[in-house]
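Remarks on the structure that follows.
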2 protein chains.
Amino acid sequence: MENDAPTASKASKSEQTRSLILETAMRLFQERGYDKTTMRAIAAEAGVSVGNAYYYFASKEHLIQGFYDRVTQEHIAATRAAMHGRTDFPERLQAALTAWLDVAEPYHGFAVQFFRNAADPDSPLSPFSAESYPARQTVVDLYREVLAGSTMKLDTEMAEILPELLWLHQMGIVLFWVYDRTPNSTKTRDFVRRTTPMVARVMNLSRYKLIRPLVRDADKLVRDFIVPEAVEPAGHKASQSQR
Amino acid sequence: MENDAPTASKASKSEQTRSLILETAMRLFQERGYDKTTMRAIAAEAGVSVGNAYYYFASKEHLIQGFYDRVTQEHIAATRAAMHGRTDFPERLQAALTAWLDVAEPYHGFAVQFFRNAADPDSPLSPFSAESYPARQTVVDLYREVLAGSTMKLDTEMAEILPELLWLHQMGIVLFWVYDRTPNSTKTRDFVRRTTPMVARVMNLSRYKLIRPLVRDADKLVRDFIVPEAVEPAGHKASQSQR
DNA sequence: CACCCCACTTGAACGCGTTCAAAAGGAGGG
DNA sequence: CCCTCCTTTTGAACGCGTTCAAGTGGGGTG
């Protein structure tokens, strides 16, 4: 995750321990769910002490960041594969969203915990937090790609903020998914299938005279309130414990 | 919350204890925040035992339901007062949203904690849960009122689902508010001020031929996926303990 | 009055996430 | 070889939400 530069040629002892704990945690979360996996159990299973786990991860929640990063990486790869050769925008968008559902499905059980954090602005895990800005930007870029590779025509004004909006749209889908208890998230998949063409139609409409002023206002609104200007630079980095 | 019907003419001893605990909890939550208020502290301050608190409230979270109900009641009253005499839809909508912000402001500090828990579909406190269906419906009815009292014209099809959508819209605003750290939630208030007329414009547009099919699809989508048909009746009542 | 029943109350105990002072390595420097 | 200074590791201990077996008390019944 972090760069580790200084020494290490392949994988310092420290780095090994760290990922051993992370892997163990991820496995147990998947096997027993988040709540039923205790820090003691993770430590025991990994063959270290509880305190050691806390040396590498500031809290139990921070272990989830591992899940988040992993899902994001797989999501991007899967989306690129699924979009390959397609230029129809709705198809590409649907590919991206369906890919997310495929990748995240195994974690559905404890994804709830993830979303709990989303509602807490103080949590570094919140998708809106400064700490997760890089991860967020990665996904925004993915949607930029979804858009760029399509034949969809829209004015530059719109094109600029759209990736951000599509990311927000994905967050909405994820919220829907978290609440969805149907097997294999069938309901969410249907929702996506029916929602995607509508999104495309709204985007098309945005070129009509009638709607233009509304679009312009919406654009300005998003710029003023939603998209952060570069995010405050100042020190954080304090994501880990370091006494 | 529960009905208590059987005996009690004015306020059975039981009912007194119950509300004593609730009032104490609400006060401490406000004074110290949710996390820093311990169940032991609540019990001590109320002059009862911890176990007794758990006799009346299944969990610490359940105490928050009190906050939720109170805010809802005040919100409805404040909105009616603010809308009085106005028939312009955007004005009425803005009145409703601003009223919420006014009423909820004192609790901003621990509303975060509340929303954290609310994001959990398993929690009875979730705004989407079956348990909070009545409370939700109360607010949906409020928005029905906002709409009905306005001069805004829209076809019946639209008018039917719109209250639900406006409730959803309010949820979005609340999410925004939770993240807003400006004094007196100025940013959220600006957001509402600028957002409200746009909502009205979208609603107006919905009558144009060009957009009609889109609206029809959206309507169907909402009916199929969002608005629950009376909420499943069956078990899973098992969310809480009850000896 | 004695008895029972049951709504109500108690507080010790449990399991959890988290903290922290202290120990153990281990890599240089003398 | 020892001393020093970090990084890493340990596990007991703390405070919390929650549970539960054991009371307590008052009203109805015989």
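Lettering follows sequence order; numbering is per chain, from 1. Keep in mind it's a predicted model, so treat the numbers as computed, not measured.
For Thr79(A), the side-chain hydrogen bond (donor to acceptor under 3.5 Å, both in side chains) partners at least two apart in sequence or on another chain are His75(A). In this view, Gln137(A) and Tyr133(A), Val140(A), Arg144(A), Glu164(A) satisfy the side chain to side chain contact (heavy atoms under 4.5 Å, CB included) rule, not counting sequence neighbours. By the salt bridge (Lys or Arg N to Asp or Glu O under 4.0 Å) test, Arg32(B) pairs with no residue at all, sequence neighbours left out. Taking Phe57(B) as the reference, nothing meets the ring-ring contact (aromatic ring centres under 6.0 Å, His included) condition, with sequence neighbours excluded. Remark: Asn184(A) engages no residue in a side-chain hydrogen bond (donor to acceptor under 3.5 Å, both in side chains) (not counting sequence neighbours). In this structure Asp35(A) satisfies the salt bridge (Lys or Arg N to Asp or Glu O under 4.0 Å) test with no other residue, sequence neighbours excluded. Applying the side-chain hydrogen bond (donor to acceptor under 3.5 Å, both in side chains) test to Arg40(B) and every residue at least two apart in sequence or in another chain returns nothing.
Five base pairs at each end of the helix from dC1(C)-dG30(D) to dG30(C)-dC1(D) define two local axes, and these are offset by 30° (rounded to 10°).
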Write out a two-atom table: protein N or O, nucleotide N or O from nucleotides 15-18 of chain D, distance below 3.5 Å.
| residue | atom | partner | partner atom | Å |
| --- | --- | --- | --- | --- |
| dG17(D) | OP1 | Lys60(B) | NZ | 2.7 |
| dG17(D) | OP2 | Met39(B) | N | 2.9 |
| dG17(D) | N7 | Arg40(B) | NH2 | 2.8 |
| dG17(D) | O6 | Arg40(B) | NH2 | 2.8 |
| dT18(D) | OP2 | Tyr54(B) | OH | 2.6 |
| dT18(D) | OP2 | Lys60(B) | N | 2.8 |
| dT18(D) | O5' | Tyr54(B) | OH | 3.3 |

Atom pairs and distances, side-chain donor-acceptor, residues 22-29 of chain B, under 3.5 Å, sequence neighbours left out:
| residue | atom | partner | partner atom | Å |
| --- | --- | --- | --- | --- |
| Glu23(B) | OE2 | Arg70(B) | NH2 | 3.4 |
| Thr24(B) | OG1 | Leu20(B) | O | 2.6 |
| Arg27(B) | NH1 | Glu31(B) | OE2 | 3.3 |
| Arg27(B) | NH2 | Glu45(B) | OE2 | 3.3 |

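Nucleotide dG26(C) holds its C1' atom 10 Å from the NZ atom of Lys13(A), rounded to whole Å. Rounded to a whole Å, the OH atom of Tyr56(A) is 13 Å from the C1' atom of dT10(D). Following rounding to the nearest Å, Ile21(B) (CD1) and dC8(C) (C1') show an atom-to-atom distance of 11 Å. Glu15(A) places its CD atom 14 Å from the C1' atom of dT8(D), with the value rounded to the nearest Å.
Look at Tyr55(A) and you'll find a side-chain N or O under 4.0 angstrom from OP1 or OP2 of dT8(D). Taking 4.0 angstrom as the limit, Ser14(B) places a side-chain polar atom (N or O) nearer than this to OP1 or OP2 of dC8(C). OP1 or OP2 of dT9(C) lies within a sub-4.0 Å distance of a side-chain N or O belonging to Thr17(B). For the OP1/OP2 pair of dT8(D) and a distance below 4.0 Å, the side-chain nitrogens and oxygens of Asn52(A) include no atom meeting the criterion.
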Taking protein heavy atoms under 4.0 Å as touching, what does nucleotides 23-28 of chain D look like 5' to 3' if B marks base contact, S marks sugar-phosphate-only contact and - marks none?
------

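Cation-pi geometry between Lys187(B) and Tyr179(B) is not satisfied (NZ or CZ under 6.0 Å from the ring centre, within 45° of the ring normal).
Counting only residues at least two apart or in different chains, salt bridge (charged side-chain N to carboxylate O under 4.0 Å, His left out) contacts with residues 97-109 of chain A comprise Asp102(A)-Arg189(A).
Donor-acceptor pairing under 3.5 Å is recorded for the side chains of Ser185(B) and Trp177(B).
No engagement by Phe57(B) is indicated, since no non-hydrogen atom pair under 4.0 Å with the nucleic acid exists.
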